[in-house]
Protein chains: 2
Amino acid sequence: MKQMTTRENLLDALVPTAFITMAAMNKIGAEKDLSLTLMRVLGILRDRRPRMAELAQHLGLKKSTMSGLIDRAEQRGLVARAPNAVDERAIDVFMTPAGAALVEELHEQVQQALAPLTDRLNAADQRLLADLLERMLAFPKV
Amino acid sequence: MKQMTTRENLLDALVPTAFITMAAMNKIGAEKDLSLTLMRVLGILRDRRPRMAELAQHLGLKKSTMSGLIDRAEQRGLVARAPNAVDERAIDVFMTPAGAALVEELHEQVQQALAPLTDRLNAADQRLLADLLERMLAFPKV
DNA sequence: TATTGTTATACTCTATAACTATA
DNA sequence: TATAGTTATAGAGTATAACAATA
């Protein structure tokens, strides 16, 4: 039996958790033709109004990729573009009411989908887990 | 301020954690031209020798998607195919030594990449977090 | 000159559909 | 008949490169 460090152990729990969480979101998104990336964008737009380049950098994508992604989301009425007030080169992106409604619906569905996992922990442990994760992330918005 | 349930709070920590973990893995994989899906496949093949259809079902992908994915991985010498011993229709997939070496290298790099996050917790909290996650997953292999 | 965003092009990942071979 | 796997084809997501407009 190979000796594992504490950090290694944590990684071996974190990675499967991430894959399972993403798989659940991917499945729910697929029913509405939403990619994980677009769901992440919608999550960001819940409380921000970034410009294209900010969004691209935050997601680790190229500007050209953002253009295509936002094009498709805009055509579907989920997000909209508007010129930035101070920099005439820049374009702000924000959510439409339809997009906001969709995001809340997704949120609910993801919660339902992951309930079989999360509910293996009692309420106190759920709070403890949420607290540890938040401390680990030092909570930058995703 | 909207009232949130314990489960909702947990979800709002879990989803960003998953996105950040996936982003780190995606970035590391990209340097070696490995998609998240292929990394997940390699992770599975560390200790299993599934047939094509099993792999597809486990990942939530179509058989045709698996064919392409395994084709490319096989051409790169990371995995190999062999006929199943008992069912002549079936094909088993397994890792090559090169694939196994790559997986260990990736594992190390992901650990390094996430260290800035995980090390915000002390060793005791890291153990506690790993334990909670493992209990939540009831540890099915991913 | 550098930055913001878009367009054109190419490749990977994915699904659907049609097919062959075996159970 | 049903299942295992492959091939052909098409669409979404991504990157690179070239471009226009503004800083």
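To find a chain, count down the sequence lines: A is the first, B the second, and so on, and within it residues start at 1.
A:D87 and A:R51 are joined by a salt bridge, as a carboxylate oxygen and a charged side-chain nitrogen come within less than 4.0 angstrom of each other. Ionic pairing of A:D71 and A:R81 is present here: one or more N-O contacts between side-chain nitrogen and carboxylate oxygen are shorter than 4.0 angstrom. A:R49 has a carboxylate O that lies under 4.0 Å from a charged side-chain N of A:D92, or vice versa, which qualifies the two as a salt bridge.
Within the model, atoms OG1 of B:T118 and CG of A:N9 stand 12.0 Å from one another, a figure rounded to the nearest 0.5 Å. Here the CG atom belonging to A:L137 is positioned 13.0 Å from the CZ atom belonging to B:F19, to the nearest 0.5 angstrom.
Distance, A:I70 CD1 to C:dT4 C1': 15 Å, rounded to whole Å. If you take NZ of B:K32 and C1' of C:dT12, they are 19 Å apart, rounded to a whole angstrom. For the pair A:M52 CE and D:dT22 P, the interatomic distance rounds to 17 Å; values are reported in whole Å. Following rounding to the nearest Å, B:M66 (CE) and D:dT7 (C1') show an atom-to-atom distance of 16 Å. Between the CG atom of B:D92 and the C1' atom of D:dG5 there is a distance of 13 Å, given to the nearest Å. The CZ atom of A:R81 sits 9 Å away from the C1' atom of C:dG5 (whole-angstrom rounding). The distance between atom CZ of B:R40 and atom P of C:dC13, rounded to the nearest whole Å, is 15 Å. With rounding to whole Å, B:L55 atom CG is found 16 Å from D:dT6 atom C1'.
Other residues, nucleotides and ligands contribute over 12 non-hydrogen atoms within 6.0 Å of the CD atom of A:E108. Annotation for B:K62: atom NZ does not count as buried by contact number, only 12 or fewer foreign heavy atoms lying within 6.0 Å. Residue A:K32 places its NZ atom among more than 12 non-hydrogen atoms of other residues, nucleotides or ligands, all under 6.0 Å distant.
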I'd like a list of close polar pairs between nucleotides 18-23 of chain C and the protein, N/O only, cut-off under 3.5 Å.
| residue | atom | partner | partner atom | Å |
| --- | --- | --- | --- | --- |
| C:dA23 | OP1 | B:E88 | N | 3.2 |
| C:dA23 | O4' | B:R89 | NE | 3.4 |
| C:dA23 | O4' | B:R89 | NH1 | 3.4 |

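No side-chain donor-acceptor contact under 3.5 Å links B:T6 to the backbone of A:A123.
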Under 4.0 Å protein heavy-atom contacts per nucleotide of nucleotides 11-18 of chain D, with B for base, S for backbone only and - for none: --SSBBB-

